[in-house]
Amino acid sequence: MNHTSITLEQKQFAYSQLTEVKTLFANRGWFPGTSGNLSVRVGDYTPQDFTFAVTASGKDKSVNTPEDYLLVDQTGKPVEATHLKPSAETSIHCEIYRLTGCGAIFHVHTVFNSLVSELFWERGSIPVDGVELIKAFNIWDEDAQIDIPIVPNYTNVPTIVPLLEGSIQPRIPGIMLRKHGIYAWGANAFEAKRHLEAFEFLFEYVYRWYLLKK
Ligand SMILES: CSC[C@@H](O)[C@@H](O)C(=O)COP(=O)(O)O
Ligand SMILES: [Zn+2]
């Protein structure tokens, strides 16, 4: 893609969407210790050629500044001259966009998502049985049973990237990195937010139900 075809209005709209969710999630305590990253896709898409706005690496996501985001291409390289560094996990966003064609990806570290990823690590996925909020994923089966995949976490992020293709499930818009955090996505920011909120609700439910049953 000719990245100059992204207009200033498109870029500003993407940044304003990111600021809105960033502020909301920060108020929920979903970015402890500068963790987490967010992105929204901008402009035309093919799996080989796309652009997205992503959070800059290492920022305090509970404050809003003029230096919070940058535009990158499908390889994670900035498309404009900038001193900002894209999120250290940008290559995960690149791969999820390539595989799913989604429009927005939100990543948060929470205590509940980390706990359940460890609880069900050996199983390879987090099972959820018949909880109403599964419908947030557009799964309407009576008493639906879903499994949210878990992949191992590595400090070297490029080691994680090739594991995504074999782990992402077509009807589940998210993947857990073991003892790290959830990546949730959707066709746009509204849908990615709905999915992330549903995952976090279900993780807390699964954890508490596990303890209650004991
Ligand atoms: C500071 S701990 C979290 C990071 O290691 C990473 O997992 C994370 O989510 C944020 O990294 P970032 O480069 O700011 O996008
Ligand atoms: Zn992370």
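One-based numbering, in listed order, for ligands and for the atoms of each. Index from 1, following the sequence.
- Side chain to side chain, Asn113 and Glu200 meet the donor-acceptor criterion of an N or O pair below 3.5 Å.
- His109 contributes NE2 as its N, O or S atom closest to the Zn ion (ligand 2).
- For an aromatic pair to be called close, the ring centres must be under 6.0 Å apart, and Tyr183 with His93 satisfies this.
- Ranking the protein heavy atoms by distance from atom 13 (O) of ligand 1 puts Ser57 OG, 2.6 Å first.
- Remark: ligand 1 and Ser87 share an N or O pair separated by less than 3.5 Å (distance only, no angle test).
- When the options Lys85, His107, His93, His109 are ranked by their closest heavy atom to atom 3 (C) of ligand 1, first place goes to His109.
- Side-chain contact between Pro152 and Trp121 is present, with at least one heavy-atom pair separated by less than 4.5 Å.
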Residues Val54, Leu38; criterion side chain to side chain contact (heavy atoms under 4.5 Å, CB included); working and verdict: CA-CA 6 Å; Val54 66; Leu38 309 170; over 6 Å; no

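- Residue Gly58 has at least one nitrogen or oxygen atom sitting less than 3.5 Å from a nitrogen or oxygen atom of ligand 1, judged on distance alone.
- Residues Trp30 and Phe190 are members of separate hydrophobic clusters, defined by side-chain heavy-atom contacts under 4.5 angstrom among Ile, Leu, Val, Met, Phe, Trp and Tyr.
- Residues Arg194 and Asn138 come closest through the heavy atom pair NH2-ND2, 4.2 Å.
- At least one heavy atom of Thr34 sits less than 4.0 Å from an atom of ligand 1.
- Of the polar atoms of His180, at least one N or O is found under 3.5 Å from an N or O of ligand 1, judged by distance alone.
- For the pair Lys61 and ligand 1, a heavy-atom separation below 4.0 Å is found.
- Judged purely by distance below 3.5 Å, without hydrogens or angles, the side chains of Lys179 and Asn153 never pair a donor atom with an acceptor atom.
- Listed by number with element, the atoms of ligand 1 under 4.0 angstrom from any heavy atom of Gly33 are 1 (C).
- Of the protein's non-hydrogen atoms, the one nearest atom 2 (S) of ligand 1 is Ser35 CB, 4.3 Å.
- For Glu89, the N/O/S atom at the shortest distance from the Zn ion (ligand 2) is named OE1.
- For Ala88, a nitrogen or oxygen atom sits less than 3.5 Å from a nitrogen or oxygen atom of ligand 1, counting backbone and side chain alike.
- Checking Glu89 against His180 by side-chain atom types alone, a donor-acceptor pair falls below 3.5 Å.
- In this structure, Ile148 CD1 and Phe199 CZ are separated by 5.0 Å, a value rounded to the nearest 0.5 Å.
- Among all non-hydrogen protein atoms, the one lying nearest atom 5 (O) of ligand 1 is Glu89 OE2, 4.4 Å.
- Between Asn37 and ligand 1, a contact under 3.5 Å exists for at least one N or O pair.
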